[in-house]
Amino acid sequence: MIVNNKTTTGFEYIEIQNKSATAKVALQGGHLFHYQQLDKAPLLWLSEKSLFEAGKAIRGGIPLCWPWFGRHPTDASLPQHGFARTSAFEFIDSNEPDENTTELVLRLESSDKTLTLWPYQFEILLHITIDTELNVELTTINCDTQAFVISSALHSYFAVSSIDDVSVQGLEQKDYWNALTGETKTEKGIIRIKEEIDRIYQKIVDPILLLDRDRTIQISSEGSASAVVWNPWIEKSKKMAYMQDEAYKNMLCIETANALNDSRKLIPGEEHTLKVTLSESG
Ligand code: TA6
């Protein structure tokens with residue numbers, strides 16, 4: 001089942017249901033904000049304070065950070081994490097190959113508006129596959145006459161039982177840039193969250209595991225060699241827009257990225273796909 005729906009505030013989204021899972025994808029930002037297998041808890045965290053209003057990024061799910069990750073490299077007045085997540089995508093195709101699988105394609109193309117923010121002609125295609133795994137693929141196509149560089153992330157917010165009970169495996173011995181201190185360090189071992197964490201890890205090859213009390217989430221990527229681990233913890237949770245004060249206790253971001261040294265340069269006509277596959281066991 002694929003249904004075009006609207007929230008009470010008129011915010012358009014696509015509702016998916018098949019024999020594997022349910023999901024919801026907002027046209028704004030191509031933003032997948034719900035995914036839940038039929039016999040499991042929601043995979044992704046979504047803030048109860050999240051607005052579903054035009055031009056306001058949804059807090060939770062998988063925001064698309066594109067065509068820059070974090071602050072704009074030279075103009076701090078431009079939106080954090082780029083403009084894709086607040087842009088209106090077109091829902092251009094769908095397919096239900098079997099009763100367990102639903103495929104969606106959404107598109108964003110450069111426009112007069114985007115050209116004022118980022119002076120390049122582009123097309124991005126978002127392929128989402130809803131099955132017992134969740135696949136999200138963001139393909140950037142350089143439609144310009146000059147090369148451009150993109151940094152981006154599939155900024156996944158995972159729902160966790162309690163931040164005190166989770167650990168992250170697969171980043172051991174990886175170098176990371178600590179956004180809180182500006183330092184570069186090497187991860188010593190399994191990560192447990194006991195304070196604010198905001199780190200961009202490099203040279204990621206293997207899947208990352210988020211171990212929670214009752215399930216393990218595997219985060220596998222293609223076209224990405226960097227990953228971000230973020231939890232705002234107590235004080236920043238209170239300051240973050242559309243986030244409850246205690247939200248840090250039940251969410252953890254592990255983002256599949258092309259960030260910092262993993263930014264990607266595309267020459268005219270070239271394309272790059274950033275892909276994440278999310279699966280869960282237990
Ligand atoms: O990915 C981590 C991060 O860059 C954090 O520094 C924090 O700013 C988070 O993203 C959320 O950013 P947002 O713009 O969605 O509020």
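Any value given below was found using the heavy atoms of this structure, including those in side chains, with hydrogens, waters and symmetry copies removed. Each ligand, and each atom within it, is numbered from 1 in the order the structure gives.
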For [atom], find the nearest protein heavy atom and state the residue, atom name and distance (0.1 Å precision).
atom: atom 16 (O) of ligand 1; result: Arg59 NH2, 3.0 Å
atom: atom 15 (O) of ligand 1; result: Arg85 NH1, 2.8 Å
atom: atom 3 (C) of ligand 1; result: His81 NE2, 3.7 Å
atom: atom 5 (C) of ligand 1; result: Asp198 OD2, 3.3 Å
atom: atom 12 (O) of ligand 1; result: Gln80 NE2, 3.4 Å

Do any N or O atoms from the side chain of Lys24 and from the backbone of Tyr13 form a donor-acceptor pair under 3.5 angstrom?
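Flag not set: sc Lys24 to bb Tyr13 has no pair under 3.5 Å.
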Atoms of ligand 1 close to [X] [distance to a heavy atom under 4.0 angstrom, numbered from 1]:
X: Val228; value: 1 (O)
X: Glu255; value: 1 (O), 2 (C)
X: Met240; value: 11 (C), 16 (O)

Electrostatic pair [X]:[Y] at N-O distance under 4.0 angstrom:
X: Arg213; Y: Asp165; result: yes
X: Arg107; Y: Glu90; result: yes
X: Lys174; Y: Glu187; result: no

Decide whether the shortest distance between a heavy atom of Lys236 and an atom of ligand 1 is less than 4.0 Å.
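Contact check Lys236 vs ligand 1: negative.
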Spacing of CG belonging to Leu44 relative to SG belonging to Cys253, to within rounding of 0.5 Å:
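If I round to the nearest 0.5 Å, the distance is 10.0 Å.
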For Asn258 and His272, does a side-chain donor sit closer than 3.5 Å to a side-chain acceptor?
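Yes.
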Is it the case that the ring center of Trp45 lies less than 6.0 angstrom away from the ring center of Tyr248?
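Between Tyr248 and Trp45, the centre distance exceeds or equals 6.0 Å.
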